[in-house]
Amino acid sequence: MVLTLKVISSAINYNDGLLKEEDLREAQKKYRLVKLPSLIEYFGYCLCCGSHFAGPVFEMKDYLEWTEGKGIWAPSDKGLSPSPYGATFRALVQAGISMAVYLYLVPYHPLSRFSEPVYQEWGFWRKLSFQYMSGFTARWKYYFIWSISEASIIISGLGFSGWTESSPPKPKWDRAKNVDIPGVELAKSAVVLPLVWNIQVSTWLRHYVYERLITKGKKPGFFQLLATQTVSAVWHGLYPGYMLFFVQSALMIAGSRVLYRWEQATNMGLVKKALVFINFAYTLLILNYSAVGFLVLSLHESLALYGSVYYVGTILPITLILLGYIIPAKPARSKARKQQ
């Protein structure tokens, strides 16, 4: 899966290098390849062992600059490349905690429970809470492997991403960062999830799918979002559960945007706080409801489990999207200006 992203991005970036720079977006200008890499550079990038099996994916231009000691890896007035050991230790500690949490929780929330008669005997709220805990438990497995990969990329030096603006400047090690655990579990909006979960793949999808589907002079809409999530689903594998999950996630994000627009359109503090909390609860509910399809993969089982909670996680986003057309949000500032 990671190799697929690297091969595609290499080809696209080389093609961008053949185009006029003034016609390109900022990301295209930043990562374009104006020179064809050698075979050893290409295979070195594709098979870089630190991220080969589980990611994170990174750009060929960054890889080449790292191997050649150029760009941010070149000696500067801040000295040579900073020590990676502290950041590596932090990533390893995070990996250890993640695996411990996963091993503790998984016996209490096995996926096999979904197919047992006891699950069908439970009421609505208990089924919904078990779906939440199943998704919550499964995520720690991903937190573990991404943290291990992050540690390997950091200690190699490739994880270095520049210096902070503080005085004295401190090194940043977020090139290999693939997840922000508190950001995922406490997300205030579904819109921020791509920024905190599988971060590097989300960035890849934004640069190579989402932005390239936007017509110049026009704003992106639901089509670009749905197409990007569909590409992500196909990339994960041709299982119905993946397709359902990513279509669900497109609906989830679109519904969350409606709540956010309503939140921004009001000047009433209490209403604004209520909408912030509703968006948080909505994201928590829909994310873990949708994750069931990602976990069980089977079409029949996914639909049966969605149906066991009355498709609440599908109906709610669609309802919000429709309400967004019926009750359009007008920015609070424009209202104030009209009153003036």
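The structure presented is a predicted model; accordingly, all values stated were derived computationally and were not measured. Heavy-atom basis, side chains included; hydrogens, waters and symmetry copies ignored. Throughout, residue positions are numbered sequentially from 1 according to the sequence presented.
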Going from CD on Glu150 to CG on Asp174, what distance comes out if it is rounded to the nearest 0.5 angstrom?
9.0 Å
So, the side chain of Ser38 versus the backbone of Glu41: is there a donor-acceptor pair under 3.5 Å, distance only?
yes
For Ser189 and Ser256, what are the C-alpha separation, side-chain angles and deciding distance, and is it a side-chain hydrogen bond (donor to acceptor under 3.5 Å, both in side chains)?
CA-CA 6 Å; Ser189 167; Ser256 190; 2.8 Å; yes
Using the rule given for side chain to side chain contact (heavy atoms under 4.5 Å, CB included), can you reason through Tyr85 versus Ile155, listing the C-alpha separation, both sets of side-chain angles and the distance that settles it, and then say yes or no?
CA-CA 7 Å; Tyr85 298 116; Ile155 203 168; 4.2 Å; yes
Heavy-atom count around Lys29 NZ within 6.0 Å, excluding the residue itself: above 12?
yes
Aromatic plane relationship, Tyr143 with Trp197 - under 30° parallel, 30 to 60° tilted, over 60° perpendicular
perpendicular
Between Trp204 and Trp235, ring centroids under 6.0 Å
no
Pair His236 + Phe245: ring centers closer than 6.0 Å
no
Could you check whether Tyr119 and Ser308, counting side-chain N and O atoms only, form a donor-acceptor pair closer than 3.5 Å?
yes
Find out whether Leu251 and Ile286 are in side-chain contact, i.e. whether some heavy atom of one side chain is under 4.5 Å from a heavy atom of the other.
no
Counting the benzene-type ring for Trp, do Phe130 and Phe114 have ring centres under 6.0 Å apart?
yes
For residues Arg139 and Asn288, is any side-chain donor paired with an opposing acceptor at under 3.5 Å?
yes
Tyr306 and Tyr310: aromatic ring centres closer than 6.0 Å?
no
CA sep, side-chain torsions, deciding dist, call: Gln229, Tyr210, side-chain hydrogen bond (donor to acceptor under 3.5 Å, both in side chains):
CA-CA 9 Å; Gln229 295 300 86; Tyr210 187 81; over 6 Å; no
Quick test of your reading of the model: are Asp16 and Arg212 salt-bridged, counting only N-O distances below 4.0 Å?
yes
At their closest point, which heavy atom of Gly162 faces which heavy atom of Phe160, and how far apart are they?
O-CE1, 3.0 Å
In the structure I gave you, are the side-chain heavy atoms of Phe58 and Lys6 within less than 4.5 Å of one another anywhere?
yes
Kindly indicate whether a cation-pi arrangement holds for Lys61 with Tyr45, taking the cut-offs as under 6.0 Å to the six-membered ring centre and within 45° of the axis.
no
Ile154 versus Ala87, closest heavy-atom pair with distance:
CG2-CB, 3.8 Å
For Lys177, does its backbone N or O pair with a side-chain atom of Gln200 as donor and acceptor, under 3.5 Å?
yes
Below 30° counts as parallel, above 60° as perpendicular, anything between as tilted: where do the rings of Tyr242 and Tyr239 land?
perpendicular
Should we say atom NZ of Lys188 is surrounded by more than 12 heavy atoms from elsewhere, each under 6.0 Å from it?
no
Before accepting this row, confirm whether a basic side-chain N of the pair Glu59/Arg175 lies closer than 4.0 Å to the acidic partner's carboxylate O.
no
Any donor and acceptor pair, going by atom type alone, linking the side chain of Arg25 with main-chain N or O of Glu211 inside 3.5 Å?
yes
Non-hydrogen side-chain atoms of Trp140 and Ile181 separated by less than 4.5 Å:
yes
So does Leu270 have more than 12 non-hydrogen atoms from other groups sitting under 6.0 Å from CG?
no
Taking the side chain as every heavy atom from C-beta outward, state whether Val309 and Phe124 have any atom pair closer than 4.5 Å.
yes
Would one find more than 12 heavy atoms of other residues, nucleotides or ligands at under 6.0 Å from atom CZ of Phe89?
no
Scanning both residues in full, the closest heavy-atom pair of Pro240 with Leu299 reads CB-CB, 3.5 Å
